[in-house]
Novice: 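I have a structure I would like to understand better, so I am pasting it below and will then ask my questions one at a time.
Order of appearance sets the numbers: ligands from 1, and atoms from 1 within every ligand. Excluded from the calculations below are hydrogen atoms, water molecules and symmetry mates; all remaining heavy atoms, backbone and side chain alike, are included.
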Amino acid sequence: MCGIIGYIGPRDATSIIFEGLRRLEYRGYDSAGIAILNGDRIYAERAVGKLSNLAARLPALREAVAADPQLLQTGIGHTRWATHGGVTEYNTHPHFSANHCLAVVHNGIVENYAELKQELQSEGVSFVSETDTEVIVHLVDSYVRAGMSFEEAARQALRSLKGSNAVVIMSVRDPGTLITARLGNAGGIVIGLGDGEMFVASDATGIVEHTRRVLFLDDGEMALVRLNDLRIMRLDGRPVAKTTHLIPWDPVSAEKGEFRHFMQKEIAEQARAVVDTLRGRVNFDTGEVVLESLTLDANVPHHIHTVACGTSFYAGLIGKFLLEQIARVRTEVDYGSEFRYRDPLLSPDDVVLGITQSGETADTLAAMSEGRRKGARVWAVVNAVGSQAERLADGFISMRAGPEIGVASTKAFTTSVVDQYLLACAVAQQQARSGLLPDDAPDPFALARELVHAPSLVSHVLEPTPVFEELANRFHDREHFLYLGRGLNYPVALEGALKLKEISYIHAEGYPAGEMKHGPIALIDEQMPVVCIAVRDAVHDKMLSQVQQVKARGGTVIAVATEGDDQIAAAADYVIWVPPAPPLLTPLVTVIPLQRLAYHLALRRGCDVDQPRNLAKSVTVE
Ligand code: G6P
């Protein structure tokens, strides 16, 4: 959603905050702003649009700050994904008190803002923006004016907010101090412990270049951040002891390096990411799977309820096949936003499994909490280290994909599929040990050993080929695409269509191939490219006949097919070749070509691949 950065230290805060915003820009890019507290004044610049617009205004900010040199600078920055109020400069964060002595940046939604605003207005406060954020700063200010210290005023204000909110506030009364808080699941707050400097950010990506020693705030916690004095407490003032985490990411992994786009880099990183997610988890001699942060006891889940959003939801649909086929555990997959409101039937023998790259998606977290409230165990497959999903779960499997910056998710999809495969094998192996694995289940040790092929299969479909550029040149001007797949490749068709929609703005639908004749077939004409995932698997013949049905109606078929498949080659107009793969690992080789196809089509259409319009990387509001 929005990205937040805070800094206290001797260096040029403007540059540090701007660089942090650059790394967090994937969270929102409607507008951005920076405020620096220097001496007894707050200097600020804000600009609508991409960060480059703000960059143009930074020399003025630096100059103003440099005119009054201080030993210490304190600053905050924000990159916005608009929720309350349009994309305008006056709605851009930071927001200020009327006397400009307080500044605030915020991520989330203040649900009772209308009520608070009315109260403040009746006391004579005037508002300059349409945001809910502005009530926070005026509220703190009203308490300060009533005689409270900055800390006490911030605490009182934070206690009056309803909803999920992450906030950072600074005051000219307390230079060298940032007050930050996390209320609910509106995105995280990470505090970075530097060498003679302190950082605050919405996620570690924003500060990992400066420090890898971090603390994460939990729901209902507030922190008073000073150079040599970090105090973390509940909102009633009770101190909280926190553990320091060491972030394993190296700063370079959050850079584009030789690549033109983060998405391109992240697609290319998938072989490495799959190796990392397997590392130390499978004994390839015995096939035994060990998941370091998820303890499986004899109490195998009766029923798994997967909850996720977006790409993670589609990865969950693949996981359903894996968990049911390998572990024989009945699995349902829900959108987080649906599960939490449909009064799901859960028992203590059930597991609610959240899948989330960011570990911050509000709907997924709420669905996981709903699972907990109803007595189920809660597990997670999650990428962001130390995220809320990780901490909310009883056990988790880390995707180990490294930072994913491109808004369209790629490597988190493949790693979460591998992690669910590992989970299915681990659950089945646990059942096998207790003699509970049904006789008709496949050998989970042999299946785990097959994972040894996963990295090379992924590398194979990442090899350079001109096919994607050719297809992009041929089809970039189309308005609609249809994606068809069956079985495990039906969710892959959904994900392929989602990738195309997200970054190229071409309307695309994913459909189970067998359902085509019940509706979508009416759409097919020579203007409609149909991507058919038709690899050599148990439903190959059916897919071949689907390809022929599309051709019979004048459609153009782009097939994803297994190398050497002459039948498909003869029937389709274009073929993207993939290597033969073990049946349950097929999605790894079929999804990557669809990511690459979407990337090239979007590029050819001149779209902003990493920051598509209206989207945000982590959606921390409902
Ligand atoms: C947003 C992103 C998607 C992502 C979804 C779920 O919509 O744009 O790329 O798949 O959120 O995110 P999560 O972090 O929970 O996997």
Novice: Apply salt bridge (Lys or Arg N to Asp or Glu O under 4.0 Å) to D276 and list each qualifying residue two or more places apart in sequence or on a separate chain.
Specialist: R272, R279

Novice: So with a 6.0 Å cut-off around CZ of R342, is the heavy-atom count from everything else above 12?
Specialist: yes

Novice: Checking the N or O distance criterion of under 3.5 Å, is ligand 1 in contact with V407?
Specialist: yes

Novice: With atoms numbered from 1 as shown, which atoms in ligand 1 lie under 4.0 angstrom from a non-hydrogen atom of T311?
Specialist: 10 (O)

Novice: By number and element, which atoms of ligand 1 are closer than 4.0 Å to a non-hydrogen atom of S409?
Specialist: 9 (O)

Novice: Go through the steps for Q357 and S312 under the test side-chain hydrogen bond (donor to acceptor under 3.5 Å, both in side chains), then give the verdict.
Specialist: CA-CA 7 Å; Q357 185 286 128; S312 294; over 6 Å; no

Novice: As an exercise, identify every atom of ligand 1 less than 4.0 angstrom from a heavy atom of T356.
Specialist: 13 (P), 14 (O), 15 (O), 16 (O)

Novice: Could you tell me, atom by atom, which parts of ligand 1 come under 4.0 Å of a heavy atom of S358?
Specialist: 13 (P), 14 (O), 15 (O)

Novice: Could an N or O of ligand 1 be found under 3.5 Å from any N or O of T364, whether backbone or side chain?
Specialist: no

Novice: With sequence neighbours excluded, what pairs up with F481 under the ring pair (Phe, Tyr, Trp, His ring centres under 6.0 Å) test?
Specialist: none

Novice: Using a strict threshold of under 4.0 Å (side-chain N to carboxylate O), is an ion pair present between D218 and R391?
Specialist: yes

